[in-house]
There are 2 protein chains.
Amino acid sequence: MERTTRYSKKREAILTALRQTDAHPSAEWLYQTLKVTHPDLSLGTVYRNLLFFQQQGTVQSVGVVNGQERFDADTTPHSHFVCTCCGAVIDLPKIPMDANLNQAVQSQYGFQVERHELTFYGKCKTCMQSKHFEEDVLS
Amino acid sequence: MERTTRYSKKREAILTALRQTDAHPSAEWLYQTLKVTHPDLSLGTVYRNLLFFQQQGTVQSVGVVNGQERFDADTTPHSHFVCTCCGAVIDLPKIPMDANLNQAVQSQYGFQVERHELTFYGKCKTCMQSKHFEEDVLS
DNA sequence: ATGACTGCAAAGACTTTGCATCTTT
DNA sequence: AAAGATGCAAAGTCTTTGCAGTCAT
């Protein structure tokens, strides 16, 4: 039996929120943001729909930052910068991904490569300017 | 006051175990492995020492795979392959990292870039050969 | 009506932490 | 003796899940 998909107001709201931000939010962020307009939203629903979108290919995880998984509605290949100080995840459209690398790994190692991620780590502008020498939140 | 570091048998064992494998193990893996020779080892100690090594720069995290953080005692820049089927993390020494990219991001975006990671995702040879069409364990 | 979707809360998984004890220096 | 390191267990976070009720088709 094929499992059918039905419309859901919450699901639509979650995807819309994810598409309207470039913050690569966590489940918690989406939950807090959407609770304003959808007071009866449940955190479990956010998690369930994020999983749904990932299986659908609509949304991709950009990894775990500071213990929280972060999501991106832009599934086209692009690299990211992660601030080890504040945890911000920022798109780097000017740093292109090399699609040939997948093939290179595939032929040199014999793996079946689906995609790759290019992620930079360091301090974002805001954190660079902060006079306080605070500890990085990331290892 | 400066905090001094003292020798510890357990700490040495943890680092040695991490250096002797290329499996990019999790804390749990190290704990289970070392419990054989160090029956009184505690999982908390493994976590505490992994944090210690990271702050020291001796060990690096290669990210969270399947909910578990994975560690690498090889801190020289190199790329990785993550099997989305079995969770294996494999070094790709033949796929070099481009050290210039850090500088490129730094000058084009104004961030203070410390390092970058290049990670490929797909199926390893073992999982490719498995006749069973099992679900990927990763999203 | 059927079965997908949700809220709620409990459970699960991984990691951190407090405190008494043991070790290193 | 002083202070770091550990064991143990409790606590803390983030995520998943069971179930009864709700909603879309």
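A note on names: the letters A, B, ... follow the listed sequences, proteins ahead of strands, and every chain is numbered from 1.
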Can you tell me how far [atom2] of [N] sits from [atom1] of [X], to the nearest Å?
X: B:Gln68; N: C:dT16; atom1: CD; atom2: P; answer: 13 Å
X: A:Leu50; N: D:dT17; atom1: CG; atom2: P; answer: 14 Å
X: B:Trp29; N: C:dC14; atom1: CH2; atom2: C1'; answer: 18 Å
X: B:Tyr47; N: D:dC8; atom1: OH; atom2: P; answer: 16 Å
X: A:Glu69; N: C:dA13; atom1: CD; atom2: C1'; answer: 14 Å
X: B:Asn49; N: D:dA5; atom1: CG; atom2: C1'; answer: 8 Å
X: A:Glu12; N: C:dC5; atom1: CD; atom2: P; answer: 14 Å
X: B:Gln32; N: C:dA13; atom1: CD; atom2: P; answer: 14 Å

Considering only nitrogen or oxygen atoms on both sides, find all protein atoms under 3.5 Å from nucleotides 21-24 of chain D and state each distance.
unit_1: D:dA24; atom_1: N3; unit_2: A:Arg6; atom_2: NH1; d: 2.8

So what does B:Thr4 hit on the nucleic acid, given a heavy-atom distance under 4.0 Å: a base, only sugar-phosphate, or nothing?
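Sugar-phosphate, no base atom in range.
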Does B:Ser26 reach a base, just sugar-phosphate, or nothing at all? Heavy atoms under 4.0 Å.
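The residue B:Ser26 makes no contact with any strand.
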Are a donor atom and an acceptor atom from the side chains of [X] and [Y] found within less than 3.5 Å of each other?
X: A:Glu12; Y: A:Tyr7; result: yes
X: B:Glu69; Y: B:Ser61; result: yes
X: A:Thr58; Y: A:Gln56; result: yes

Please test A:His116 against A:Asp98 for side-chain hydrogen bond (donor to acceptor under 3.5 Å, both in side chains), starting from the C-alpha separation and ending with a verdict.
CA-CA 9 Å; A:His116 72 266; A:Asp98 182 356; over 6 Å; no
Expected output: side-chain A:Ser107 to main-chain A:Ala104 donor-acceptor under 3.5 Å
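Looks like yes, one N/O pair under 3.5 Å.
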Which nucleotide, [options], lies nearest any side-chain atom of [X]?
X: A:Leu41; options: D:dC14, D:dT6, C:dG7; result: C:dG7
X: A:Leu43; options: D:dT15, C:dT15, C:dG7; result: D:dT15
X: A:Lys10; options: D:dT6, C:dC14, C:dT6; result: C:dT6

Given the structure, check if the side chain of A:Arg48 and the base of C:dG7 hold any donor-acceptor pair shorter than 3.5 Å.
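It does, because a donor-acceptor pair links the side chain of A:Arg48 to the base of C:dG7 below 3.5 Å.
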Is the phosphate of [N] approached by [X] (side-chain N or O, under 4.0 Å from OP1 or OP2)?
X: B:Arg3; N: D:dA5; answer: yes
X: A:Thr45; N: C:dG7; answer: yes
X: B:Asn66; N: C:dC14; answer: no

Find which nucleotide of DNA chain D each of B:Gly44 and A:Phe71 is nearest to by heavy atoms, and output the residue with the more 5' nucleotide.
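Whichever sits nearer the 5' end wins; that is B:Gly44.
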Shared hydrophobic cluster for B:Leu101 and B:Leu92 (ILVMFWY, side-chain gaps under 4.5 Å):
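Yes; tracing contacts between hydrophobic side chains, which count when under 4.5 Å, links both residues.
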Do B:Arg115's NZ or CZ and the ring of A:Phe120 fall within the cation-pi criteria of under 6.0 Å and 45°?
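No.
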If you draw the axis of the six-membered ring of A:Phe111, does the NZ or CZ of B:Lys123 fall within 45° of it and under 6.0 Å from the ring centre?
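No, B:Lys123 and A:Phe111 do not form such a contact.
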Nearest-nucleotide comparison on DNA chain C, the residue closer to the 5′ end among A:His38 and B:Gly67:
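Comparing both residues, the 5'-ward one is A:His38.
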